[in-house]
Amino acid sequence: MRHISGGCNMVVTRFAPSPTGYLHIGGARTALFSWLLAKQQKGRFILRIEDTDQARSTEESTQKILQDMKWLGLDWQEGPEVGGPNGPYFQSQRLEIYRQWAQKLMAMGRAYKCFATPEEMAAERAKDKGFKYDRRGLKLTPEQIAAYEAEGRPCVIRFKMPDKDITVHDMILGDVTLKTSELEDFVILKSDGFPTYHFAVVLDDYYMQVTHVLRGQEHLMNTPKHIALQEAMGVPHPAYAHLPVIFNMEGGKMSKRDKEKAIKAGKTPPEIDVFDFRIGGYMPEAILNFIALLGWSPGNDLELMPISQMIEMFSVERIGKTNARFDREKLRSFNMQYIKNAPRDRLREVVKQFPEVTDYPMKNADNAMLEKMLDLYQPRSRTLVEMAENSRFFFTDEIHYDTKAVEKFLKKEPGEQVLTDLKDRLAALPEWQPHAIEKTIEDYCTEKQLGMGKVAQPIRVAVTGSSVSPSVHETLEVLGRKKTLSRLDNAISLIRQN
RNA sequence: GACCCCGUCGUCUAGCCAGGUCUAGGACACAGGGUUUUCAUCCCUGCAACACGGGUUCAAAUCCCGUCGGGGUCACCA
């Protein structure tokens, strides 16, 4: 009898990505829900790498996925890097288990060899759209099999589906019954000796003592196969929960292809993978909060909540059945609020890590400058990209002058006059303090009978290149007197150029 | 095409399981107003949904059936 580590009733969930690219946002939600369930139930969360597709799996992808999981803060109690009692956690390292069970099932008469090549099967399917595997392997005589093997012909092992209906008791969808006639004898062991997904998940979930399987709804039709397999092997069924699909705004499944489509159409590609959102300047906590609400709701009007509260309030019963569109506008709003409400320590950490994956002048910031920038931009940035771009004039002297702004505020009256006058007055200030700067500007306005807008905008454009920035006196203060004056000079000569 | 799942504001959703308290609540977006030196924030107001058709019932967003619509799956991919 196997000992179940940590107690018999312990909830064990897992996330089992295949390493064929970055972590998809939908995968991240599956991982999050599984993680939340384990945390809430004081159980264990396992990360397992399903690298049974030799053609597509890469070590690089594995690393990317681990990195994205860590960045999101979804830690695992068992899996790559941390190990665990039920390892290894890479399916490619568990081949012996699958082979032995395949043999066992064959000995039991529940599985059999088939020598048909992938090409043959594809040809059958091309001929008949509704083609279902015809059990041709089962019709082979022992002599034929021996002869094929003597020739060294490759074969697969197929599972013999039982002749009965199978009901999935889904925690979200309820009971879903599938007629056995809908299912064919599927391959469990490929000709390269690797298991198929169906075989590997069932065995691994069993050996890793997984109690709850949360996965996308696209797996619903696979589940009867897994249940049949579990029955044949005499192992328990984990509880299943099939999550609604995440749609793009067009109403189709949100997929990596959306990126290629956008590029072809000459548009900027949408964020699809977790890493895209990371580069896009989103905070992991905002992403987690947002995707948690794609299908799940705590039941009251609560939306923004810390992860600790999500853990507390999470329940599979409150996951809905309807597919959800991924509304980036709402994510942006969430992200803005997370940036605005973040403790300074946390925001500083996030902002300092950001240049690791991007390249903005912000990366050259010293701590004092960064802190001042944060004072101004924490309340007014929806993403770190906005923050980095809008504040770039602090960190580089390569100012890009917005043409419209230059025309409107510098080249028109009283632009030049304002700059030359204020340059002298600011240069003469005894102390470079925000209040002193503000007063200088205000006094100037009063004296010249000019509205604040007439004065502030030319300065703003001169110093930042843009007509948009935090309040002028704070901006100047942070920039420093030296840079302020030299940029005023530059702007003045720009005006005089023509 | 076959099988399966789903269907409340433009979007995410609460309400549905245990019908009445729903002239359907919240959030994002949008529109208008206020604050303001620009932008953003912030505050106020507004717009806006039970897919459709039948039942059951004194009463249906809530239960049943059908239609339509959307989606998923049909691999030696996961």
Side-chain angles (χ1 to χ4, degrees), chain A residues 16-20 50-53 55-57 91 114 116-118 121-122 125 129-133 154-158 168 170 172-174 176-179 181-184 186-192 194-198 200-201 215-222 224 242 244-245 247 249 251-253 290 293-304 317-318 320-334 336-337 340 377 379-382 386 390 405 409 438 441-442 445 451-457 459-461 464 466-473 475:
Chain A
S18 67
T20 55
E50 310 221 321
D51 55 349
T52 54
D53 185 339
R56 296 198 304 148
S57 298
Q91 292 185 328
C114 174
T117 63
M121 299 313 295
R125 270 182 232 108
K129 194 86 165 62
F131 174 77
K132 194 185 134 189
Y133 179 70
C155 73
V156 297
I157 296 176
R158 287 180 182 266
V168 180
D170 189 272
I172 294 167
L173 301 171
V176 180
T177 302
L178 223 75
K179 290 193 189 67
S181 54
E182 298 300 324
L183 301 163
E184 61 177 19
F186 57 94
V187 173
I188 55 176
L189 211 64
K190 303 183 240 182
S191 57
D192 63 3
F194 276 59
T196 58
Y197 164 71
H198 308 297
V201 248
R215 50 163 56 145
Q217 226 173 71
E218 58 267 25
H219 283 293
L220 185 58
M221 292 296 120
N222 292 150
H242 291 91
V245 178
F247 284 171
M249 287 310 276
K253 193 171 159 184
F290 178 75
L293 264 17
L294 256 27
W296 174 75
S297 157
N300 43 30
D301 290 334
L302 193 61
E303 291 207 314
L304 286 170
E317 288 68 39
R318 291 205 57 86
K321 303 174 178 181
T322 42
N323 300 149
R325 294 189 194 212
F326 195 99
D327 183 358
R328 289 181 180 73
E329 281 305 317
K330 188 157 180 173
L331 203 214
R332 283 178 162 269
S333 167
F334 271 39
M336 181 199 73
Q337 305 200 55
K340 199 167 56 168
Y377 284 92
R380 45 166 38 88
S381 303
R382 297 205 298 176
E386 277 186 12
N390 293 338
F409 297 113
E438 187 175 21
I441 297 174
E442 278 172 356
C445 287
M452 185 55 109
K454 286 278 182 212
V455 176
Q457 285 305 72
I459 302 175
R460 196 184 321 268
V461 175
T464 71
S466 147
S467 59
V468 174
S469 87
S471 62
V472 156
H473 63 276
T475 301

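Everything quoted here is computed from the prediction, not taken from an experiment. Order of the sequence lines fixes the chain letters, A, B, ..., with proteins taken first and strands second; residue numbering starts at 1 for each chain.
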Tell me what A:S297 touches on the nucleic acid: a base, only sugar-phosphate, or nothing, going by heavy atoms under 4.0 Å. sugar-phosphate
Let me know, please, whether A:F131 or A:S381 comes out on the 5' side of the other along RNA chain B by nearest nucleotide. A:S381
Distance criterion of 3.5 Å, no angle test: do you see the side chain of A:K330 paired donor-to-acceptor with the base of B:rC12? yes
Describe the nucleic acid contact of A:R215 in one word from base, sugar-phosphate, nothing, applying a heavy-atom distance below 4.0 Å. nothing
Go through the N and O atoms of the side chain of A:R325 and the base of B:rC12, and report whether any donor-acceptor pair is under 3.5 Å. no
Under 4.0 Å from OP1 or OP2 of B:rA75: is there any side-chain N or O of A:R56 that close? no
Determine the contact category for A:V176: base if any of its heavy atoms lies under 4.0 Å from a base atom, sugar-phosphate if only primed atoms, P, OP1 or OP2 are that close, otherwise nothing. sugar-phosphate
Sugar-phosphate, base or nothing in reach of A:K253, heavy atoms under 4.0 Å: sugar-phosphate
Would you mind pulling out the nucleotide paired to B:rC74, Watson-Crick or G-U wobble, both distances under 3.5 Å? B:rG1
Answer yes or no: does a side-chain N or O of A:T196 lie under 4.0 Å from OP1 or OP2 of B:rA78? no
Looking for any heavy atom pair under 4.0 Å, which part of the strands does A:A116 touch: base, sugar-phosphate only, or nothing? base
B:rG72 base to A:Q217 side chain: any donor-acceptor pair below 3.5 Å? no
Answer yes or no: are there more than 12 heavy-atom neighbours, outside A:K132 itself, under 6.0 Å from its atom NZ? yes
By nearest heavy atom, map A:M336 and A:I172 onto RNA chain B; which one lands nearer the 5' end? A:I172
May I ask you to evaluate whether A:R158 reaches the phosphate of B:rC76, defined as a side-chain N or O under 4.0 Å from OP1 or OP2? yes
Could you check how far CG of A:N323 sits from P of B:rG72, rounded to whole Å? 8 Å
Does any nucleotide pair with B:rC68 by Watson-Crick or G-U wobble geometry, both distances under 3.5 Å, and what is it? B:rG7
Ring centres of A:Y133 and A:F186 under 6.0 Å apart? no
With heavy atoms under 4.0 Å as the rule, sort A:V472 into base, sugar-phosphate or nothing. base
Are A:R460 and A:F409 in a cation-pi contact, defined as NZ or CZ under 6.0 Å from the six-membered ring centre and within 45° of the axis? no
Once you apply the 3.5 Å cut-off to both distances, tell me the Watson-Crick or G-U wobble partner of B:rA59, or none. none
Quick one: look up who B:rU38 pairs with, Watson-Crick or G-U, both distances under 3.5 Å, and put none if it's unpaired. none
Looking across every strand, which nucleic acid part, if any, lies under 4.0 Å from A:T322 by heavy atom: base, sugar-phosphate, or nothing? sugar-phosphate
At 4.0 Å (heavy atoms only), tell me whether A:H219 reaches a base, stays on the sugar-phosphate, or touches nothing. base
Using the C1' atom on both, measure B:rU73 against B:rC65 and round to a whole Å. 26 Å
Mind checking A:F247 for me? I need base, sugar-phosphate or nothing, with any heavy atom below 4.0 Å counting as a touch. sugar-phosphate
Which part of the nucleic acid, if any, lies within contact of A:K321, taking any heavy atom under 4.0 Å across all strands shown: a base, the sugar-phosphate backbone alone, or nothing? sugar-phosphate
Which nucleotide, if any, forms a Watson-Crick or G-U wobble pair with B:rC22, using both distances under 3.5 Å? none
Looking at A:R125, I'd like to know whether one of its side-chain N or O atoms comes within less than 4.0 Å of OP1 or OP2 on B:rC74. no
Do A:N390 and B:rA40 have a side chain to base donor-acceptor pair shorter than 3.5 Å? no
In this structure, how many angstroms lie between the P atom of B:rA75 and the CG atom of A:D53, rounded? 15 Å
Within less than 4.0 Å of OP1 or OP2 of B:rC42, is there a side-chain N or O belonging to A:K340? yes
Looking only at non-hydrogen atoms, find the nearest pair between A:K190 and A:D53 and report the distance. NZ-CA, 4.0 Å
May I ask which nucleotide in the shown strands pairs with B:rC30, Watson-Crick or G-U wobble, both distances under 3.5 Å? B:rG46
Report which part of the nucleic acid A:S467 touches: base, sugar-phosphate, or nothing (heavy-atom distance under 4.0 Å, all strands). base
Look at all strands and tell whether A:N222 reaches a base, only sugar-phosphate, or nothing, counting heavy atoms closer than 4.0 Å. base
Looking at every strand, decide which applies to A:G299 at a 4.0 Å heavy-atom threshold: base, sugar-phosphate, or nothing. sugar-phosphate
If you look at every strand shown and take non-hydrogen atoms under 4.0 Å, does A:G295 touch a base, only sugar-phosphate, or nothing? sugar-phosphate
